[in-house]
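Ligands are counted one by one from 1 in listed order, and the atoms in each one are counted from 1 as well.
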Amino acid sequence: MRIILFGPPGCGKGTQAVLISEALSIPHLSTGDMLRNAVSSKSEIGLKAKDIMEKGGLVSDEVVLSIVQERVANSDSKKGFILDGFPRTVNQAERLDLILNEEQKIDCVLRIKVDEDEIIKRLIDRGRNDDKPDIIKNRFKSYNAETQPLIPFYETREILFNIDGMQEVEKVSAEIKKVLSEF
Ligand code: AP5
(Lines give C-alpha, C1' and ligand atoms only; values in the text may rest on other atoms or scores of the structure.)
Protein backbone atom coordinates (compact mmCIF):
# COMPACT_ATOMS: atom_id res chain seq x y z
CA MET A 1 0.00 0.00 0.00
CA ARG A 2 1.02 3.59 -0.61
CA ILE A 3 -0.13 5.77 2.24
CA ILE A 4 0.23 9.48 3.02
CA LEU A 5 0.05 10.57 6.66
CA PHE A 6 -1.26 14.08 6.66
CA GLY A 7 -1.90 16.70 9.33
CA PRO A 8 -0.58 19.74 11.16
CA PRO A 9 2.81 19.80 12.89
CA GLY A 10 2.86 17.49 15.90
CA CYS A 11 -0.49 15.77 15.22
CA GLY A 12 1.11 12.31 15.57
CA LYS A 13 2.13 11.46 11.99
CA GLY A 14 5.53 10.06 12.98
CA THR A 15 4.14 8.09 15.92
CA GLN A 16 1.47 6.42 13.77
CA ALA A 17 3.79 5.92 10.78
CA VAL A 18 6.09 3.73 12.88
CA LEU A 19 3.14 1.53 13.92
CA ILE A 20 1.78 1.19 10.37
CA SER A 21 5.27 0.46 9.05
CA GLU A 22 5.64 -2.42 11.54
CA ALA A 23 2.16 -3.77 10.87
CA LEU A 24 2.41 -3.71 7.06
CA SER A 25 6.19 -4.17 6.67
CA ILE A 26 6.54 -1.17 4.41
CA PRO A 27 9.05 1.65 4.88
CA HIS A 28 8.31 4.86 6.75
CA LEU A 29 9.53 7.79 4.67
CA SER A 30 9.67 10.95 6.76
CA THR A 31 10.92 14.04 4.97
CA GLY A 32 11.42 15.71 8.38
CA ASP A 33 13.75 12.87 9.48
CA MET A 34 15.57 12.84 6.12
CA LEU A 35 16.13 16.60 6.32
CA ARG A 36 17.25 16.44 9.98
CA ASN A 37 19.77 13.72 8.99
CA ALA A 38 20.99 15.91 6.13
CA VAL A 39 21.43 18.83 8.54
CA SER A 40 23.37 16.63 11.02
CA SER A 41 25.67 15.33 8.30
CA LYS A 42 26.17 18.88 6.94
CA SER A 43 25.44 17.68 3.40
CA GLU A 44 24.60 20.13 0.62
CA ILE A 45 20.87 19.51 1.19
CA GLY A 46 21.34 19.93 4.93
CA LEU A 47 23.05 23.28 4.47
CA LYS A 48 20.15 24.48 2.29
CA ALA A 49 17.53 23.25 4.77
CA LYS A 50 19.04 24.20 8.15
CA ASP A 51 18.04 27.88 8.47
CA ILE A 52 14.56 27.31 7.06
CA MET A 53 13.85 24.41 9.44
CA GLU A 54 15.14 26.39 12.41
CA LYS A 55 12.59 29.10 11.62
CA GLY A 56 9.70 26.68 11.01
CA GLY A 57 9.36 27.44 7.30
CA LEU A 58 9.11 25.00 4.42
CA VAL A 59 12.23 23.79 2.64
CA SER A 60 12.04 24.38 -1.13
CA ASP A 61 9.99 21.94 -3.19
CA GLU A 62 13.02 21.16 -5.38
CA VAL A 63 15.16 20.06 -2.43
CA VAL A 64 12.41 17.96 -0.86
CA LEU A 65 11.37 16.40 -4.17
CA SER A 66 14.93 15.34 -4.92
CA ILE A 67 15.17 13.34 -1.67
CA VAL A 68 11.70 11.83 -2.02
CA GLN A 69 12.25 10.80 -5.63
CA GLU A 70 15.44 8.98 -4.70
CA ARG A 71 13.83 7.28 -1.68
CA VAL A 72 10.68 6.16 -3.52
CA ALA A 73 12.81 4.60 -6.26
CA ASN A 74 14.59 2.43 -3.69
CA SER A 75 13.83 -1.30 -3.98
CA ASP A 76 12.33 -1.46 -0.47
CA SER A 77 9.57 0.94 -1.59
CA LYS A 78 8.39 -1.40 -4.36
CA LYS A 79 5.56 -3.00 -2.38
CA GLY A 80 4.51 0.26 -0.76
CA PHE A 81 5.49 3.01 1.65
CA ILE A 82 4.19 5.52 4.15
CA LEU A 83 4.93 9.15 3.40
CA ASP A 84 5.09 11.25 6.58
CA GLY A 85 5.30 15.03 6.18
CA PHE A 86 5.19 14.89 2.39
CA PRO A 87 3.58 16.26 0.26
CA ARG A 88 3.25 19.61 2.00
CA THR A 89 2.35 21.84 -0.95
CA VAL A 90 0.06 21.35 -3.94
CA ASN A 91 3.13 21.52 -6.17
CA GLN A 92 4.76 18.67 -4.20
CA ALA A 93 1.55 16.61 -4.57
CA GLU A 94 1.40 17.19 -8.32
CA ARG A 95 5.06 16.33 -8.71
CA LEU A 96 4.57 13.19 -6.61
CA ASP A 97 1.97 12.05 -9.15
CA LEU A 98 4.59 12.42 -11.86
CA ILE A 99 7.26 10.58 -9.85
CA LEU A 100 4.93 7.64 -9.24
CA ASN A 101 3.97 5.86 -12.42
CA GLU A 102 0.47 4.69 -13.31
CA GLU A 103 0.64 1.44 -11.29
CA GLN A 104 1.94 3.24 -8.24
CA LYS A 105 -0.96 5.47 -7.26
CA ILE A 106 -1.43 6.68 -3.69
CA ASP A 107 -4.07 4.43 -2.08
CA CYS A 108 -5.05 6.61 0.84
CA VAL A 109 -4.35 9.82 2.69
CA LEU A 110 -4.88 9.57 6.46
CA ARG A 111 -5.61 13.00 7.86
CA ILE A 112 -4.95 13.11 11.61
CA LYS A 113 -7.06 15.80 13.26
CA VAL A 114 -5.95 17.32 16.58
CA ASP A 115 -6.86 20.66 18.20
CA GLU A 116 -4.13 23.29 18.06
CA ASP A 117 -4.00 23.73 21.88
CA GLU A 118 -3.40 20.00 22.39
CA ILE A 119 -0.66 19.98 19.74
CA ILE A 120 1.16 22.92 21.32
CA LYS A 121 1.09 21.09 24.68
CA ARG A 122 2.49 17.89 23.08
CA LEU A 123 5.24 19.73 21.21
CA ILE A 124 6.37 21.78 24.21
CA ASP A 125 6.51 18.52 26.22
CA ARG A 126 8.58 16.84 23.49
CA GLY A 127 11.12 19.67 23.31
CA ARG A 128 12.73 19.09 19.87
CA ASN A 129 14.88 22.00 18.55
CA ASP A 130 11.95 23.38 16.56
CA ASP A 131 9.42 22.88 19.39
CA LYS A 132 9.74 26.43 20.73
CA PRO A 133 6.64 28.67 20.85
CA ASP A 134 7.74 31.12 18.12
CA ILE A 135 8.87 28.33 15.79
CA ILE A 136 5.72 26.28 16.42
CA LYS A 137 3.71 29.39 15.45
CA ASN A 138 5.61 29.59 12.15
CA ARG A 139 5.18 25.86 11.51
CA PHE A 140 1.43 26.34 11.89
CA LYS A 141 1.55 29.37 9.59
CA SER A 142 3.31 27.29 6.91
CA TYR A 143 0.80 24.49 7.41
CA ASN A 144 -2.23 26.77 7.13
CA ALA A 145 -0.93 28.66 4.10
CA GLU A 146 0.75 25.91 2.07
CA THR A 147 -0.41 22.51 3.27
CA GLN A 148 -4.13 22.88 4.06
CA PRO A 149 -5.00 23.26 0.33
CA LEU A 150 -4.07 19.59 -0.03
CA ILE A 151 -7.25 18.65 1.85
CA PRO A 152 -9.59 19.49 -1.08
CA PHE A 153 -6.91 18.19 -3.49
CA TYR A 154 -7.19 14.67 -2.03
CA GLU A 155 -10.88 14.94 -1.04
CA THR A 156 -11.77 15.35 -4.70
CA ARG A 157 -10.02 12.05 -5.41
CA GLU A 158 -12.02 10.42 -2.60
CA ILE A 159 -8.91 9.00 -0.94
CA LEU A 160 -8.85 11.25 2.15
CA PHE A 161 -9.83 9.65 5.49
CA ASN A 162 -10.24 11.67 8.68
CA ILE A 163 -8.77 10.18 11.84
CA ASP A 164 -9.49 11.48 15.35
CA GLY A 165 -5.99 12.21 16.68
CA MET A 166 -7.23 13.54 20.03
CA GLN A 167 -7.41 9.99 21.42
CA GLU A 168 -4.58 8.04 23.02
CA VAL A 169 -1.96 6.57 20.65
CA GLU A 170 -3.42 3.01 20.70
CA LYS A 171 -6.93 4.24 19.89
CA VAL A 172 -5.68 6.40 17.01
CA SER A 173 -3.79 3.37 15.73
CA ALA A 174 -6.91 1.17 15.97
CA GLU A 175 -8.92 3.73 13.97
CA ILE A 176 -6.22 3.79 11.29
CA LYS A 177 -6.08 -0.02 11.14
CA LYS A 178 -9.84 -0.11 10.62
CA VAL A 179 -9.57 2.26 7.63
CA LEU A 180 -6.63 0.31 6.16
CA SER A 181 -8.41 -3.03 6.59
CA GLU A 182 -10.95 -1.92 4.01
CA PHE A 183 -8.34 -1.82 1.24
P1 AP5 B 1 8.50 17.26 10.34
O2 AP5 B 1 9.46 16.48 11.10
O3 AP5 B 1 7.66 16.59 9.32
O4 AP5 B 1 7.62 18.08 11.38
P5 AP5 B 1 6.07 18.23 11.59
O6 AP5 B 1 5.18 18.05 10.43
O7 AP5 B 1 5.97 19.54 12.29
O8 AP5 B 1 5.73 17.03 12.45
P9 AP5 B 1 6.38 16.51 13.77
O10 AP5 B 1 7.47 15.56 13.44
O11 AP5 B 1 6.69 17.62 14.72
O12 AP5 B 1 5.10 15.82 14.39
P13 AP5 B 1 4.27 14.55 13.95
O14 AP5 B 1 2.98 14.92 13.33
O15 AP5 B 1 5.13 13.55 13.26
O16 AP5 B 1 3.91 14.05 15.42
P17 AP5 B 1 4.73 13.06 16.37
O18 AP5 B 1 4.30 11.68 16.12
O19 AP5 B 1 6.18 13.39 16.32
O20 AP5 B 1 9.24 18.48 9.58
C21 AP5 B 1 10.16 19.31 10.26
C22 AP5 B 1 10.57 20.44 9.35
O23 AP5 B 1 11.20 19.91 8.15
C24 AP5 B 1 9.43 21.32 8.80
O25 AP5 B 1 9.09 22.34 9.71
C26 AP5 B 1 10.03 21.82 7.50
O27 AP5 B 1 10.91 22.88 7.74
C28 AP5 B 1 10.84 20.64 6.99
N29 AP5 B 1 10.06 19.75 6.11
C30 AP5 B 1 9.70 18.45 6.34
N31 AP5 B 1 9.00 17.96 5.31
C32 AP5 B 1 8.91 18.96 4.40
C33 AP5 B 1 8.29 19.06 3.13
N34 AP5 B 1 7.60 18.03 2.58
N35 AP5 B 1 8.39 20.24 2.46
C36 AP5 B 1 9.07 21.29 2.98
N37 AP5 B 1 9.68 21.27 4.19
C38 AP5 B 1 9.60 20.10 4.88
O39 AP5 B 1 4.10 13.52 17.77
C40 AP5 B 1 4.42 14.74 18.38
C41 AP5 B 1 4.48 14.52 19.91
O42 AP5 B 1 3.18 14.12 20.36
C43 AP5 B 1 5.43 13.40 20.31
O44 AP5 B 1 6.06 13.75 21.51
C45 AP5 B 1 4.52 12.18 20.49
O46 AP5 B 1 5.02 11.27 21.43
C47 AP5 B 1 3.24 12.84 20.98
N48 AP5 B 1 2.03 12.11 20.56
C49 AP5 B 1 1.78 11.55 19.34
N50 AP5 B 1 0.56 11.00 19.31
C51 AP5 B 1 0.00 11.25 20.53
C52 AP5 B 1 -1.28 10.95 21.11
N53 AP5 B 1 -2.22 10.29 20.41
N54 AP5 B 1 -1.51 11.35 22.36
C55 AP5 B 1 -0.57 12.04 23.07
N56 AP5 B 1 0.66 12.33 22.60
C57 AP5 B 1 0.94 11.96 21.33
Side-chain angles (χ1 to χ4, degrees), residues 3-22 28-40 43 45-72 81-96 99 106 109-150 153-154 162-177:
I3 300 164
I4 291 174
L5 274 178
F6 181 87
C11 68
K13 301 181 292 294
T15 303
Q16 295 301 326
V18 168
L19 300 173
I20 305 169
S21 171
E22 278 168 12
H28 166 202
L29 313 184
S30 157
T31 44
D33 288 347
M34 293 179 216
L35 290 167
R36 276 184 289 278
N37 288 339
V39 171
S40 303
S43 68
I45 285 180
L47 295 174
K48 283 184 188 158
K50 188 171 182 288
D51 287 352
I52 299 165
M53 292 175 77
E54 280 172 357
K55 292 189 184 118
L58 290 187
V59 174
S60 80
D61 288 349
E62 292 314 313
V63 165
V64 175
L65 280 156
S66 70
I67 55 175
V68 169
Q69 181 153 23
E70 193 184 322
R71 195 57 193 81
V72 165
F81 48 78
I82 305 147
L83 285 168
D84 160 12
F86 177 93
R88 245 174 162 103
T89 64
V90 170
N91 182 45
Q92 287 180 14
E94 287 169 348
R95 297 278 297 275
L96 176 65
I99 289 170
I106 295 295
V109 179
L110 300 167
R111 175 193 178 197
I112 305 179
K113 294 176 82 173
V114 183
D115 295 347
E116 197 168 318
D117 289 350
E118 170 66 15
I119 288 183
I120 292 169
K121 203 165 96 320
R122 289 182 192 176
L123 292 181
I124 299 288
D125 282 351
R126 180 177 64 181
R128 204 169 72 191
N129 272 348
D130 56 351
D131 290 339
K132 302 190 175 67
D134 280 1
I135 307 176
I136 294 173
K137 220 162 115 190
N138 284 340
R139 287 161 65 193
F140 269 103
K141 239 192 224 165
S142 305
Y143 173 79
N144 290 330
E146 309 256 16
T147 311
Q148 286 247 35
L150 284 172
F153 182 93
Y154 286 119
N162 289 310
I163 304 292
D164 175 8
M166 293 290 285
Q167 316 168 84
E168 54 196 65
V169 170
E170 293 71 22
K171 290 200 174 139
V172 179
S173 173
E175 199 176 319
I176 288 177
K177 279 193 181 134

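Taking all atoms of both residues into account, the shortest heavy-atom contact from Ile135 to Met53 is CG2-O, 4.4 Å. For Val172 against Gly165, the heavy-atom pair with the smallest separation is CG2-CA, 4.0 Å. Residues Pro9 and Leu123 share a closest heavy-atom pair of O-CD1, 4.1 Å. Residues Ala49 and Val59 share a closest heavy-atom pair of CB-CG2, 3.8 Å. Counting all heavy atoms, side chain and backbone alike, Ala38 lies closest to Ile45 at CB-CG2, 4.0 Å.
Checking side-chain atoms of Lys13 against main-chain N and O of Gly85 turns up no donor-acceptor pair under 3.5 Å. Side chain of Gln92 to backbone of Phe86: no donor-acceptor contact under 3.5 angstrom is found. A donor-acceptor contact shorter than 3.5 Å is absent between the side chain of Glu146 and the backbone of Lys141.
The shortest heavy-atom distance from Gln16 to ligand 1 is not under 4.0 Å. A heavy-atom separation below 4.0 Å is found between Cys11 and ligand 1. Taking a 4.0 Å cut-off on heavy atoms, Lys171 fails to register as neighbouring ligand 1.
The Thr15 neighbourhood of ligand 1 comprises atoms 17 (P), 18 (O), 39 (O), 45 (C), 49 (C), with distances under 4.0 Å to a heavy atom of that residue. Within ligand 1, the atoms closer than 4.0 Å to a non-hydrogen atom of Pro9 are 5 (P), 6 (O), 7 (O), numbered from 1 in the order shown. Ligand-side atoms of ligand 1 in range of Arg36: 2 (O), 21 (C), range being under 4.0 angstrom from any heavy atom. Every atom of ligand 1 is numbered from 1 in the order shown, and the set under 4.0 Å from a heavy atom of Lys13 is 5 (P), 6 (O), 8 (O), 13 (P), 14 (O), 15 (O), 16 (O), 18 (O). Residue-ligand proximity, Glu168 to ligand 1, at heavy-atom distances under 4.0 Å covers atoms 53 (N). Distances below 4.0 Å separate heavy atoms of Gly57 from the following atoms of ligand 1: 25 (O), 26 (C), 27 (O).
Of the inter-residue distances, the one linking Asp164 atom CG with Glu175 atom CD reads 5.5 Å to the nearest 0.5 angstrom. Interatomic distance, NZ of Lys132 versus CZ of Arg139, reported as 10.5 Å (0.5 Å rounding). The distance from atom CD1 of Ile176 to atom NZ of Lys171, rounded to the nearest 0.5 Å, is 15.0 Å.
With respect to Glu62 and Arg95, a salt bridge is recorded, a charged nitrogen being found less than 4.0 Å from a carboxylate O. We find that Arg122 and Asp125 are not joined by a salt bridge, their nearest charged nitrogen and carboxylate oxygen being 4.0 Å or further apart.
When non-hydrogen atoms are compared, ligand 1 lies under 4.0 Å from the side chain of Gln92 (C-beta onward) but not from its backbone. The parts of Val169 lying near ligand 1 are both backbone and side chain, judged by heavy-atom distances below 4.0 Å. Under 4.0 angstrom from ligand 1, the non-hydrogen atoms of Arg139 all belong to its side chain.
By the 3.5 Å distance cut-off applied to N or O atoms, Asp33 is not counted among the residues near ligand 1. At least one N/O-N/O distance between Gln167 and ligand 1 falls below 3.5 Å. Checked by distance only, ligand 1 and Arg126 come closer than 3.5 Å through their nitrogen or oxygen atoms. Backbone and side-chain nitrogen or oxygen atoms of Gly10 are examined, and one is located within less than 3.5 angstrom of a nitrogen or oxygen of ligand 1. In terms of polar-atom proximity, Val59 is counted as a contact of ligand 1, with an N or O under 3.5 Å from an N or O of the ligand. Considering backbone and side-chain atoms together, Ser30 places no N or O closer than 3.5 Å to any N or O of ligand 1.
From the protein, the heavy atom lying nearest to atom 15 (O) of ligand 1 is Gly14 N, 2.8 Å. The nearest heavy-atom contact from the protein to atom 31 (N) of ligand 1 is Thr31 OG1, 2.8 Å. Looking from atom 33 (C) of ligand 1 to the surrounding protein, the closest heavy atom is Arg88 CD, 3.3 Å. Atom 10 (O) of ligand 1 has as its closest protein heavy atom Arg128 NH1, 3.1 Å. In terms of protein heavy-atom proximity, atom 22 (C) of ligand 1 is closest to Met53 CE, 3.8 Å. With hydrogens left out, the protein atom closest to atom 29 (N) of ligand 1 is Leu35 CD1, 3.5 Å, a heavy atom. Closest to atom 48 (N) of ligand 1 among all protein heavy atoms lies Arg122 CD, 4.0 Å. Among protein heavy atoms, atom 34 (N) of ligand 1 sits closest to Gly85 O, 2.9 Å.
Side-chain contact between Ser142 and Thr147 is absent, with no heavy atoms from C-beta onward closer than 4.5 Å. In this structure, Ile136 and Ile119 have side chains that are not in contact, with every pair of non-hydrogen atoms separated by 4.5 Å or more.
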